[in-house]
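Structure, as structure tokens:
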Amino acid sequence: MKTPITVSITGAAGQIGYAILFRLASGFVFGPDQPVNLRLIEIEPGLPALQGVVMELEDCAFPLLNEVVATTDLDEGFKGANWALLIGSVPRKKGMERSDLLGINGKIFTGQGEAIARSAAEDVRVLVVGNPCNTNALIAMNNAAGISSDRFFAMTRLDENRAKSQLATKAGVHCSDVTNLCIWGNHSATQYPDFTNAKIGGKPVTEVITDREWLEGEFIKTVQQRGAAIIAARGASSAASAANAALDTVKSLITPTPEGDWHSVAICSDGSYGIEKGLMASMPIRTKADGSWEVVQGVPVCEFSQGKIDATINELKEEKEAVQGLIPA
């Protein structure tokens, strides 16, 4: 039996956490022979619900679930964590903009970054899901002294999945036929789903879908506004699809990327594609056979794409400036 992997999840009793836990415990993410420890973190009012979640996990009798810890204490919650999924945050409600969340959620991720630095395993990797996730990841990363920036990620896989689905529907194919789809920039209404380099069945999207007006207009807008559309429809933010995308992200970061393809996640920019160093920005990533990752270089950026990328990067710069007081000098 392998040594268990420890996964810490904040907001574990929330809708996204609830949708994630059972798939983690089942072996879906790390494999059918990999035991898992779950360390579930909630705020005090969420503890009763969390205890109910723990009971359900117990009742599933998962063969791979080695240990479950439920706590409000960050150091206990992140103790020995190999993966930390930072989900817990105040969700966006109808009528709220992302800017409204910056002040509310920023301080949460300061404390979480500090606790991860104190208590997590040396090989910890951190995926931020709670919005605004790029800037929350930036805050956590900068408050996690001693942990390399290449271990912090913010989720844009939900946007990638949404974009692939829209392109597949338009082309009348299965979403698995869509590859090389990159989300650039921020997980927000400025993100850019790059159709110019995407492929359908190995062919450029622009050859399969010749409606350029749709690609440059409705397609981008639909992906950018999908979260708001779901809130309007169900009265709450994305949960199951967000949970699925978080697990997709983890799997993609531990599994070699198919030759010639890439996946999207926000990482700490090293200056690639002219994106300001230190920003948490989404770009094309490839996971290597040794488990490390790299930015895919040389992806063509046309004038149209550059304008969209510039807009979303400028938003990230503005968000960083707004939370500068939460980032240690």
Which heavy atom of Leu158 sits nearest a heavy atom of Ser241, and at what distance? CD1-O, 3.6 Å
Find out if a path of hydrophobic residues (ILVMFWY) with successive side-chain heavy-atom gaps under 4.5 Å connects Ile200 to Trp262. yes
With a 4.5 Å limit on heavy-atom distance, are the side chains of Val208 and Lys199 in contact? no
Does the Gln225 side chain pair with the main chain of Thr222, one donor and one acceptor, at a distance under 3.5 Å? no
Please check if the side chain of Asn186 supplies one atom and the backbone of Asn134 the other of a donor-acceptor pair under 3.5 Å. no
Before giving the answer on side chain to side chain contact (heavy atoms under 4.5 Å, CB included), spell out for Leu102 and Glu319 the whole-Å C-alpha distance, their side-chain angles and the decisive distance to 0.1 Å. CA-CA 8 Å; Leu102 282 171; Glu319 288 190 9; 4.0 Å; yes
Are Thr71 and Asp73 linked by a side-chain donor-acceptor pair shorter than 3.5 Å? no
According to the interplanar angle, ranging from 0 to 90°, do the rings of Phe219 and Trp214 count as parallel (below 30°), tilted (30 to 60°) or perpendicular (above 60°)? tilted
Looking at Asn197 and Pro300, would you say the former's side chain and the latter's main chain have a donor-acceptor pair under 3.5 Å? yes
I'd like to know whether Ile43 forms a side chain to side chain contact (heavy atoms under 4.5 Å, CB included) with Thr72, so could you lay out the CA-CA distance, the side-chain angles of the two residues, the decisive distance to 0.1 Å, and finally the verdict. CA-CA 5 Å; Ile43 57 175; Thr72 61; over 6 Å; no
Salt bridge (charged side-chain N to carboxylate O under 4.0 Å, His left out) evaluation trace for Lys79 with Glu76: CA-CA 5 Å; Lys79 183 179 180 181; Glu76 183 181 10; over 6 Å; no
Rounded at 0.5 Å granularity, tell me how far OG1 in Thr135 sits from NE2 in His187. 11.5 Å
Taking every heavy atom of Leu181 against every heavy atom of Ala198, the minimum-distance pair comes out as CD2-CB, 3.7 Å
For the student: nearest non-hydrogen atoms of Pro4 and Asn66, plus distance: CG-ND2, 3.7 Å
With salt bridge (charged side-chain N to carboxylate O under 4.0 Å, His left out) as the test, would you mind laying out the steps for Lys317 and Glu321 before giving the verdict? CA-CA 6 Å; Lys317 291 177 182 178; Glu321 183 63 30; over 6 Å; no
Please report the interatomic distance CG(Asp270) to CD(Glu294), rounded to the nearest 0.5 Å. 11.0 Å
Are the side chains of Phe78 and Ile41 in contact, using a 4.5 Å heavy-atom criterion? yes
Cationic N near anionic O, under 4.0 Å, Glu160 to Arg157: yes
According to a 4.5 Å side-chain heavy-atom criterion applied to Ile, Leu, Val, Met, Phe, Trp and Tyr, with indirect links allowed, do Tyr18 and Leu86 form part of one hydrophobic cluster? no
CD1/Ile20 to CG/Asn244 distance, rounded to the nearest 0.5 angstrom? 9.5 Å
Considering all heavy atoms of both residues, which atom of Leu40 and which atom of Ala12 are nearest to each other, and what is their separation? CB-CB, 3.6 Å
Indicate yes or no for a side-chain donor-acceptor contact from Asn37 to the backbone of Ile5 under 3.5 Å, with no hydrogens or angles considered. no
If the plane angle is over 60° it's perpendicular, under 30° parallel, otherwise tilted; pick one for Trp83 and Phe30. tilted
Which atom names give the shortest non-hydrogen contact between Ala25 and Leu38, and what distance separates them? CB-CD1, 4.3 Å
Quick one: do Val53 and Phe28 end up in the same hydrophobic cluster if we chain Ile, Leu, Val, Met, Phe, Trp and Tyr together by side-chain heavy atoms under 4.5 Å apart? yes
Quick check: does any side chain N or O of Ser264 sit under 3.5 Å from a backbone N or O of Ile183, one acting as donor and the other as acceptor? yes
With a 4.5 Å limit on heavy-atom distance, are the side chains of Leu316 and Leu138 in contact? no
Of all the heavy-atom pairs spanning Thr312 and Gly185, show the shortest one and how long it is. CG2-CA, 3.5 Å
Using a 3.5 Å distance criterion without hydrogens, assess whether the side chain of Glu42 forms a donor-acceptor pair with backbone atoms of Ala13. yes
Looking at CZ of Phe152 and CE of Met280, how far apart are the two atoms once the value is rounded to the nearest 0.5 Å? 8.5 Å
Do Cys268 and Asp150 touch side chain to side chain, with heavy atoms closer than 4.5 Å? no
Decide yes or no on side chain to side chain contact (heavy atoms under 4.5 Å, CB included) for Ile230 and Arg162, but give the supporting numbers first. CA-CA 12 Å; Ile230 289 170; Arg162 288 166 169 169; 3.7 Å; yes
Donor-acceptor pair, Asn105 side chain versus Asn131 backbone, under 3.5 Å? yes
For the backbone of Asp159 and the side chain of Arg226, can you confirm whether one donor and one acceptor N or O come within less than 3.5 Å of each other? no
Count the heavy atoms belonging to other residues, nucleotides or ligands that lie under 6.0 Å from CD of Gln324, then report whether that count exceeds 12. yes
Measure the spacing between CD of Glu114 and CG of Asp75 and express it to the nearest 0.5 Å. 10.0 Å
Same hydrophobic cluster for Tyr273 and Ile267, using side-chain heavy-atom links shorter than 4.5 Å among ILVMFWY? yes
Counting distance only, does the side-chain N/O of Thr249 pair as donor-acceptor with the main-chain N or O of Ala245 below 3.5 Å? yes
For residues Asp310 and Gln306, is any side-chain donor paired with an opposing acceptor at under 3.5 Å? yes
Does a side-chain heavy-atom distance below 4.5 Å link Lys308 with Trp184? no
For atom NZ of Lys277, is the number of surrounding heavy atoms from other residues, nucleotides or ligands below 6.0 Å larger than 12? no
Any side-chain heavy atom of Leu253 within less than 4.5 Å of one from Phe153? yes
How about CD on Gln297, more than 12 heavy atoms from neighbouring residues, nucleotides or ligands closer than 6.0 Å, or not? yes
Is Met283 linked to Trp293 within one hydrophobic cluster, defined over Ile, Leu, Val, Met, Phe, Trp and Tyr using a side-chain heavy-atom separation of less than 4.5 Å? yes
Applying side chain to side chain contact (heavy atoms under 4.5 Å, CB included) to Glu67 and Arg39, what does each step give before you reach the verdict? CA-CA 8 Å; Glu67 179 186 51; Arg39 304 188 76 86; 3.7 Å; yes
Passing option when Val29 is tested against Val36, Val7, Leu24, Asp248 for side-chain contact (heavy atoms from CB on, under 4.5 Å): Leu24
Could you tell me if the side chain of Leu85 sits less than 4.5 Å from the side chain of Val250, heavy atoms only? yes
Would you call Val296 and Thr257 a side-chain contact if the rule is heavy atoms closer than 4.5 Å? no
Expected output: side-chain Ser282 to main-chain Thr156 donor-acceptor under 3.5 Å: no
Spacing of CD1 belonging to Ile139 relative to CD1 belonging to Ile327, to within rounding of 0.5 Å: 6.0 Å
